[in-house]
Asks: 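Please see the structure below; I have some questions.
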Amino acid sequence: MLTDSLLNDIQDINLSYLLLVQRLINEDRTTAMFRLKISEPMADMLASLSVKQLGQLSRTNQLLCRLCFDNPEQLLKLTTDPREQGLGQTHAALLMASVPTRSNLQAG
């Protein structure tokens, strides 16, 4: 029962994430590619998926989104930094920008 509930939650998150990804790409492609750390071909593919395809893709038992931080120290800096809110958001953006894209990781 708990497994079914968790699987349903994962699938709901996946669908919400995929819909958000498409919206980001359609509204501001360059910014979306930067924020999502995806390549142009991946952005093309995600933008072209139909609602039916998004639903099929979302029904996997694995989360499609993941944290962009591989280093726990970066996450700790964001959660414990006592900076003023505006500076904290800028700091977070700088930290996230320093994380390599998946395509850069695969090329290296």
Asks: Would you say N14's side chain and Q62's backbone share a donor-acceptor pair under 3.5 angstrom?
Replies: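 It does hold such a pair.
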
Asks: Looking at every non-hydrogen atom in both residues, tell me the closest pair between S48 and Q53 and how far apart they are.
Replies: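 The answer is O-OE1, 4.1 Å.
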
Asks: Are M45 and L24 connected in the hydrophobic side-chain network, where two residues link if heavy atoms are under 4.5 Å apart?
Replies: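 Looking at the clustering, L24 is in the same group as M45.
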
Asks: Any chance you could measure I25, atom CD1, to R35, atom CZ, to the nearest 0.5 Å?
Replies: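 Nearest 0.5 Å value for the CD1-CZ distance: 13.0 Å.
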
Asks: For atom CZ of R29, is the number of surrounding heavy atoms from other residues, nucleotides or ligands below 6.0 Å larger than 12?
Replies: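 Above 12, so yes.
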
Asks: Under a 3.5 Å distance rule, please check whether Q22 uses its side chain to pair with a backbone N or O of L19 as donor and acceptor.
Replies: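 Checking the backbone N and O of L19 against the side chain of Q22, no donor-acceptor pair under 3.5 Å is found.
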
Asks: Under 4.5 Å between any side-chain heavy atoms of L49 and L57, yes or no?
Replies: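 They are in side-chain contact.
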
Asks: Going only through I, L, V, M, F, W and Y residues with side-chain contacts under 4.5 Å, is there a path from V51 to L15?
Replies: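 Cluster IDs for V51 and L15 differ.
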
Asks: Could you tell me the separation between the CG atom of L63 and the CD1 atom of I10, rounded to the nearest 0.5 Å?
Replies: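 So the CG of L63 and the CD1 of I10 are separated by 5.0 Å.
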
Asks: What I'd like to find out is whether the side chain of M42 reaches to under 4.5 Å of the side chain of L46, using heavy atoms alone.
Replies: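 The answer is yes; the side chains approach within 4.5 Å.
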
Asks: Nearest 0.5 Å please: distance from the CZ atom of R23 over to the CG atom of L18.
Replies: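 Answer for the CZ-CG pair, R23 versus L18, is 14.5 Å.
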
Asks: Could you tell me whether a side-chain N or O of S16 sits under 3.5 Å from a main-chain N or O of I13, the two making a donor and an acceptor?
Replies: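 Not a single qualifying donor-acceptor pair exists.
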
Asks: Using modelled atom types and a 3.5 Å cut-off, is there a donor and acceptor pairing between side-chain atoms of Q11 and backbone atoms of R59?
Replies: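 Flag set: sc Q11 to bb R59 pair under 3.5 Å.
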
Asks: Side chains of L36 and Y17: does their closest heavy-atom pair fall under 4.5 Å?
Replies: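 Contact flag for L36/Y17 side chains = yes.
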
Asks: Please name the pair of heavy atoms, one in M33 and one in A43, separated by the smallest distance, quoted to 0.1 Å.
Replies: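 M33 and A43 have their closest heavy atoms at CG-CB, 3.8 Å.
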
